[in-house]
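Some notes on the structure that comes next.
Every chain is numbered from 1 and lettered A, B, ... according to where its sequence line falls, protein lines coming before strand lines.
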Number of protein chains: 2
Amino acid sequence: MESLKENQMTQNPDVAGMLRAHGILPTQQRLMIARVLFSRRQHYSADQVMNSVNDGRDRVSKATVYNTLGLFARNGLVREVIVDPTRVFYDPNTSDHHHFYNIDTGELLDIDTSDLRISDLPELPEGTVAAGVDVIIRVRAETATN
Amino acid sequence: MESLKENQMTQNPDVAGMLRAHGILPTQQRLMIARVLFSRRQHYSADQVMNSVNDGRDRVSKATVYNTLGLFARNGLVREVIVDPTRVFYDPNTSDHHHFYNIDTGELLDIDTSDLRISDLPELPEGTVAAGVDVIIRVRAETATN
DNA sequence: GTCAGTGCAAACCCTTTGCAGAAAG
DNA sequence: CTTTCTGCAAAGGGTTTGCACTGAC
């Protein structure tokens with residue numbers, strides 16, 4: 001039990017604390033979902049989270065997965081990435097960065113802010129305040145014969 | 001009949017020709033949809049196109065609206081803008097440009113390329129070729145209490 | 001014991017599809 | 001006349017919701 005806990009800790013520094021820090025009560029299901037997101041630190045669709053969480057014996061329902069991801073996003077624990085009209089991706093990396101999106105494979109990759117500079121930001125439309133900047137570089141598989 | 005045609009021409013330079021130039025057979029319904037897109041030159045969700053096209057007496061079915069917008073997008077007549085997981089926007093402006101998206105109102109505004117410069121584009125992931133760059137500046141209504 | 005969280009299934013909404021009838025060339 | 005397009009209604013797929021049960025504190 002102690003070793004299990006230690007093992008988890010190495011991969012996921014205090015997930016429960018992260019949840020609390022974002023005003024989220026750390027329940028079992030939420031912890032399971034958060035561990036998936038923060039151990040691999042990739043991008044996940046709700047469906048992928050569903051599968052990753054439920055490959056073991058302990059199960060989390062679909063409704064809870066969706067509700068929890070929405071909760072995490074609202075509270076700033078993860079970032080929603082909108083690149084595909086058919087599904088939302090959740091990104092555990094909330095620091096300022098951008099994305100490659102492979103339209104053939106559905107793969108999503110981070111682009112560090114230092115690798116892409118935006119200058120001459122235009123004035124915002126009247127009566128609005130900035131809420132975020134998303135840069136998506138769409139790519140295709142080179143071999144795509146199409 | 002002549003004056004009607006002239007009137008349309010002022011707003012929409014040769015819509016039929018545009019369709020043909022993109023390899024699209026200009027049928028009545030497609031012309032009606034294209035006229036909506038190219039007379040006001042704004043951004044439309046499929047539903048907004050549906051409503052605009054069908055405010056008159058001549059009607060176009062929902063299936064045809066969706067299929068036609070998809071066809072237009074595949075053939076490069078319009079650009080799909082993915083900013084909201086709940087709906088796709090269609091942009092009759094196919095020149096290189098970016099967008100403001102008001103997450104409160106759903107309003108979409110163009111940003112000219114000259115008003116926003118991207119430099120230091122990172123190397124593409126191995127085995128991929130560029131397919132497009134989308135920059136979305138998300139804004140909120142200033143007064144949003146939320 | 002009280003209140004928030006969870007699970008299930010059904011509801012939702014946008015979008016796509018199957019197929020018969022209509023229109024275009 | 002042949003081929004493509006259109007319309008309708010039904011299916012599809014990701015996401016949300018209603019409500020009773022469970023678990024957290």
Side-chain N,O (B/Thr64) to OP1/OP2 (D/dT6) below 4.0 Å: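 Checking D/dT6 against B/Thr64, no side-chain N or O comes under 4.0 Å of OP1 or OP2.
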Would you say B/Arg30 places a side-chain N or O within less than 4.0 Å of OP1 or OP2 belonging to D/dC5?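 Checking B/Arg30 against D/dC5: at least one side-chain N or O falls below 4.0 Å of OP1 or OP2.
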Quick one: does [X]'s side chain have a donor or acceptor within less than 3.5 Å of a partner on [Y]'s backbone?
| X | Y | result |
| --- | --- | --- |
| A/Asp104 | A/Arg140 | no |
| B/Tyr90 | B/Val49 | no |
| A/His22 | A/Arg20 | no |
| B/Asn75 | B/Leu77 | no |
| B/Tyr44 | B/Pro92 | no |
| A/His43 | A/Asp91 | no |
| B/Ser39 | B/Arg35 | yes |
| A/Asp115 | A/Ile111 | no |

Tell me the interatomic distance from [X], atom [atom1], to [N], atom [atom2], rounded to whole angstroms.
| X | N | atom1 | atom2 | answer |
| --- | --- | --- | --- | --- |
| B/Asn54 | D/dT6 | CG | P | 13 Å |
| A/Gln29 | C/dA4 | CD | C1' | 12 Å |
| A/Phe89 | D/dG14 | CZ | P | 11 Å |
| A/Met50 | D/dG13 | CE | P | 16 Å |
| A/Ile24 | C/dA4 | CD1 | P | 16 Å |
| A/Ile33 | C/dG7 | CD1 | C1' | 12 Å |

Toward the 5' end of DNA chain C, which comes first, B/Arg87 or B/Arg20, by nearest nucleotide?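 Nearest-nucleotide comparison on DNA chain C picks B/Arg87.
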Pair A/Arg79 + A/Asp134, salt bridge at N-O below 4.0 Å: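 Result for this pair is yes, salt bridge flagged.
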Each nucleotide in nucleotides 16-24 of chain C should get exactly one letter: B, S or -. Can you fill that in based on protein heavy atoms under 4.0 Å? BB-------
Side-chain H-bond candidate by donor/acceptor type, A/Asp47 with A/Ser45, under 3.5 Å: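 No, no side-chain donor-acceptor pair sits under 3.5 Å.
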What contact category does B/Thr86 fall into here, base, sugar-phosphate, or nothing, at under 4.0 angstrom with non-hydrogen atoms?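 The answer is sugar-phosphate, as B/Thr86 gets under 4.0 Å only of primed atoms, P, OP1 or OP2.
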To the closest 0.5 Å, what do you measure between OG1 (A/Thr128) and CZ (B/Arg138)? 14.0 Å
With the side chain of B/Val88 defined as its heavy atoms from C-beta on, choose the nearest nucleotide among C/dT15, D/dT6, C/dG7.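 Side chain of B/Val88 sits closest to C/dT15.
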Between residues 69-84 of chain B and DNA chain D, which residues have a heavy-atom gap below 4.0 Å? none
If you fit an axis to the five pairs at each end of the helix from C/dG1-D/dC25 to C/dG25-D/dC1, how big is the angle between those two axes, to 10 degrees?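 Its terminal axes enclose an angle near 30°.
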